[in-house]
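Ligands are counted one by one from 1 in listed order, and the atoms in each one are counted from 1 as well. Because only heavy atoms are used, hydrogens play no part in the values below, and waters and symmetry mates are left out as well, while side chains stay in.
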Amino acid sequence: MPGNCAASLSQLQFPCVNTVKAIYPGSFDPVTNGHLDLIARGARIVDHLVVAVLRNSSKSPLFSVDERVEMLTEGVSGINNVSIATFDGLLVDFVREHQAQAVLRGIRAISDYEYELQMALMNRRLAPDLETIFLMSDGKYSFVSSRLVKEIFELGGSVDGLVPEFVIDRLKQHRGYRIYRDERTSEPKI
Ligand code: PNS
């Protein structure tokens, strides 16, 4: 057994390191309870987890990067080995800059698998030492996505239980959504 390695994931996967740092990258537009569940579970198996918000996404986000970082920061406030960062460019470059050993991603259903496999293999080609750790989403979040949360909220449906309360508050404050909801539902302006 190598020198000082602890009897943990670091010993099994990364025999030459004492601590394992992982990056959980994503758009988080906005963070959902599914993301937060994955962060909490990921934080239990690595020493430090960096949640990394992609800045230069080709998607048109609803929330600014700053807003997404603020929501994530609030969401992980009780977990002391998690930090929030932003990145642009290649994920593997960010991973190297942070001297992390792994990328964490969640898989909700078989439909996620192909995309995730493609990314994991491409990242491995770019950085052969980098491992991708996949966690299966909790069953109660396996149908939850940021995209559907935004769509349901915009159309006046309830997203209770899918995202934290503070995300619902942010959705309500969002100008575009407020106007649309008022027209569609005749609810008093928020
Ligand atoms: O939450 P998302 O939108 O599914 O996250 C996608 C993300 C941010 C993980 C992916 O788009 C990414 O890593 N982008 C950074 C650019 C990059 O490295 N692209 C090559 C990935 S194989």
Side-chain polar contacts of residues 113-121 - donor-acceptor pairs under 3.5 angstrom, sequence neighbours left out - could you list them?
from	atom 1	to	atom 2	distance (Å)
Glu116	OE1	Arg105	NE	2.9
Glu116	OE2	Arg105	NE	3.3
Glu116	OE2	Arg105	NH2	2.8

Tyr141 ring center near His35 ring center (under 6.0 Å): no

ring-ring contact (aromatic ring centres under 6.0 Å, His included) contacts touching residues 36-58 (sequence neighbours left out): none

Close-range residues for ligand 1, whose non-hydrogen atoms fall below the 4.0 Å threshold: Pro25, Gly26, Ser27, Leu54, Lys59, Phe87, Gly89, Leu90, Leu91, Arg105, Tyr115, Met119, Met122, Asn123

Carboxylate-amine/guanidinium proximity below 4.0 Å for Glu151 and Arg147: yes

Hphob cluster co-occupancy, Ile23 + Val65, side-chain heavy atoms under 4.5 angstrom: no

Distance-only donor-acceptor pairs under 3.5 Å for side chains of residues 90-98, two or more places apart:
from	atom 1	to	atom 2	distance (Å)
Asp93	OD1	Arg96	NH1	3.2
Arg96	NH2	Leu126	O	3.0

